[in-house]
Amino acid sequence: MTTNTSEQQAVPFWRDERYLQVIIQVVLVGAVVGFIYYLIHNLVTGLEASGQPLTLSFLKQTAQFDIGEKLIEYSRASTYARAFLVGLLNTIKVSFLGIILATILGIIIGVARLSNNWLINKLASIYVEFLRNIPLLVLLVFLAAGVFFKLPKVQHAVALGKIAFLTNRGVFVAWGEPTASWPFYVWALIIALFVALVVAVILIRQGRETGRMPLYWLWGTVAFLVVAAIGWIVITLATPQPPLRLSLPELAGRNFKGGTSWSPEFMALLLGLVIYTAAYIAEVVRAGIQSVSKGQREAAGALGLSGFQTMRLVVFPQALRVIVPPLTSQYLNLTKNSSLAIAVGYPDLFAVGGTIINQSGRAIEAISLTMMVYLTFSLITSLFMNWYNQRIRLVER
């Protein structure tokens, strides 16, 4: 006698795996949300009980402290919000420059580690192993206290011609000062950028059609420089003076005047972040290049491609798919490691936030703002790198 399946008793929902998975997830999410709510409620209640309710109104108060290095106007009469903005811009400055320089140095060291030249290979290996086994904080303190703060005084500065001077007060270098014709040249630079983008887009489309991607970034840069040079010549001939006037640093009394200067704190932080992060980027680059099979190089050599062409057209495009994901982590680490600037006296976001906390007593609000800024930096960097990774990934059929 056969039993009809429709007559079989249905499985209860508390024993059905489909329902159990949903119930467990709902309970887990509810527990996490409840725990977070408890923490926030406890924090707000505690602050109100102590007479310090959670508020950002303190940012309108007068800061009453100086900041040694700033990109915008700031004085002791400025608000905490202005001081916070100064620290934010200082962090962006060192992080942006650090990412660019660390990427360039890391690629060079990574390729050098795969060199057939014994000396270059070993020097690159020593560089990587040495810096990866030193704490970044120790490296920053050494560069600040043992290198830049130990440079000669202003009166005995180390001169690199008339262009740069190395002192314990900072590095003074020649710089361009805008003249009355500079606003016109800004428009020339905008046109040059537009032309460079058009050239790059045209070359990219041609590369996709022919299957051989040209050096669009190189030719785009050349187009930008050519148009910028033409604009410079035209404006110089049409106006009494060029858009920029070269300002050389000159010793005047106990300090230099003219040009621009980079403080020893900034130089120590930037150099430390660059050489430290470059060691990790070098390993990422080396691993990415080694992930490309040897047959690819042999096939490129059989086609008559040179070593440079093989690396540019065959190896590196394939290696990028392995390089980009861990490279994103190194960019995030560099940005977050810039918070160690407080150890060398550079007024970054975290250092300025600490001063605001000491004066205002608003630790929760200031730390929360600092955390949100670093989180925003990380999310923006991740979004950009993920977008780039999607563009270069292999599309499977």
Side-chain angles (χ1 to χ4, degrees), residues 29 32-33 35-37 39-40 43-44 47 54-61 63 65 67 69-74 78-103 106 136-137 140 265-266 269-270 272-274 276-278 280-281 284 323-344 346-392:
V29 171
V32 172
V33 172
F35 181 68
I36 294 175
Y37 172 78
L39 292 179
I40 296 176
L43 171 65
V44 174
L47 289 175
L54 200 64
T55 178
L56 295 178
S57 60
F58 75 98
L59 292 175
K60 299 179 181 179
Q61 299 176 8
F65 64 88
I67 299 179
E69 194 160 346
K70 47 190 177 292
L71 295 176
I72 58 176
E73 292 295 329
Y74 173 84
S78 301
T79 61
Y80 284 133
R82 188 75 171 182
F84 196 83
L85 179 60
V86 171
L88 171 62
L89 293 177
N90 285 343
T91 296
I92 294 176
K93 173 184 174 182
V94 73
S95 299
F96 180 75
L97 293 176
I99 287 175
I100 295 176
L101 297 177
T103 302
L136 177 58
L137 180 59
L140 293 178
E265 295 86 359
F266 170 75
L269 178 63
L270 178 62
L273 290 174
V274 168
Y276 182 81
T277 309
Y280 289 88
I281 293 178
V284 171
I323 291 173
V324 170
L327 185 64
T328 303
S329 299
Q330 297 307 322
Y331 288 168
L332 299 180
N333 288 337
L334 187 147
T335 303
K336 292 180 287 188
N337 286 338
S338 66
S339 60
L340 294 175
I342 192 172
V344 296
Y346 180 72
D348 76 320
L349 176 66
F350 185 73
V352 173
T355 305
I356 293 175
I357 292 173
N358 292 335
Q359 290 197 359
S360 65
R362 295 289 181 173
I364 301 299
E365 294 89 338
I367 291 296
S368 298
L369 286 175
T370 304
M371 291 171 60
M372 291 301 298
V373 169
Y374 281 114
L375 176 61
T376 303
F377 285 167
S378 298
L379 291 178
I380 292 175
T381 304
S382 298
L383 287 173
F384 174 77
M385 296 300 291
N386 289 336
W387 167 81
Y388 181 70
N389 190 40
Q390 288 291 327
R391 287 183 58 87
I392 63 174

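The first residue of the sequence shown is numbered 1, and numbering continues consecutively from there. Quick caveat: nothing in here was measured; it's all calculated off a predicted structure.
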**Student:** Closer than 3.5 angstrom, by distance alone: can the side chain of Thr91 be matched with the main-chain N or O of Leu349 as a donor-acceptor pair?
**Tutor:**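 Side chain of Thr91 to backbone of Leu349, a donor-acceptor pair under 3.5 Å: yes, one is there.
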**Student:** Say whether, by atom type as modelled, one donor and one acceptor occur between the side chain of Arg82 and the main chain of Glu73 under 3.5 angstrom.
**Tutor:** yes
**Student:** Examine distances only and state if a side-chain atom of Asn90 and a backbone atom of Glu69 form a donor-acceptor pair shorter than 3.5 Å.
**Tutor:** yes
**Student:** Establish, yes or no, whether the cationic atom of Lys93 lies under 6.0 Å from the six-membered ring centre of Phe266 and within 45° of the ring axis.
**Tutor:** yes
**Student:** Looking at every heavy atom in both Ala102 and Thr277, which two are closest together, and how far apart are they?
**Tutor:** CB-CB, 4.2 Å
**Student:** Going by the angle between their ring planes, with limits at 30° and 60°, are Phe377 and Tyr374 parallel, tilted or perpendicular?
**Tutor:** perpendicular
**Student:** Which atom pair, heavy atoms only, marks the closest approach of Pro347 to Val352?
**Tutor:**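 Smallest heavy-atom distance, with atoms named: O-CG2, 3.9 Å.
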**Student:** Working to the nearest 0.5 Å, report the span between OG of Ser368 and CG of Leu375.
**Tutor:**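 Interatomic distance, Ser368 OG to Leu375 CG, rounded to 0.5 Å: 12.0 Å.
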**Student:** State which residue, out of Val86, Thr79, Leu85, fulfils the side-chain contact (heavy atoms from CB on, under 4.5 Å) condition with Tyr74.
**Tutor:**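 When side-chain contact (heavy atoms from CB on, under 4.5 Å) is applied between Tyr74 and each of Val86, Thr79, Leu85, only Val86 qualifies.
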**Student:** Is atom CZ of Phe350 surrounded by more than 12 heavy atoms (other residues, nucleotides or ligands) closer than 6.0 Å?
**Tutor:**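 It does not: Phe350 CZ has 12 such atoms or fewer within range.
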**Student:** What residues form a side chain to side chain donor-acceptor pair (under 3.5 Å) with Ser57, not counting sequence neighbours?
**Tutor:**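 Per chain and number, Ser57 pairs via side chain to side chain donor-acceptor pair (under 3.5 Å) with Thr55.
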**Student:** For a side chain to side chain contact (heavy atoms under 4.5 Å, CB included) check, start with the C-alpha distance between Arg362 and Ile357, then their side-chain angles and the critical distance, and finish with the verdict.
**Tutor:** CA-CA 5 Å; Arg362 295 289 181 173; Ile357 292 173; over 6 Å; no
**Student:** Check side chain to side chain donor-acceptor pair (under 3.5 Å) between Thr381 and all other residues, then give those that pass, not counting sequence neighbours.
**Tutor:** none
**Student:** Which residues satisfy the side chain to side chain contact (heavy atoms under 4.5 Å, CB included) test with Ile100, sequence neighbours excluded?
**Tutor:** Phe96, Ile104
**Student:** Do other residues, nucleotides or ligands put more than 12 heavy atoms under 6.0 Å from the CZ atom of Phe65?
**Tutor:** yes
**Student:** Does the side chain of Tyr331 reach to within under 4.5 Å of the side chain of Met385, using non-hydrogen atoms?
**Tutor:**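 Side chain of Tyr331 against side chain of Met385, heavy atoms only: contact under 4.5 Å found.
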**Student:** If you look at every heavy atom in Pro326 and Val284, which pair is closest and at what distance?
**Tutor:**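 Looking at all heavy atoms of both residues, the closest pair is CG-CG1, 3.6 Å.
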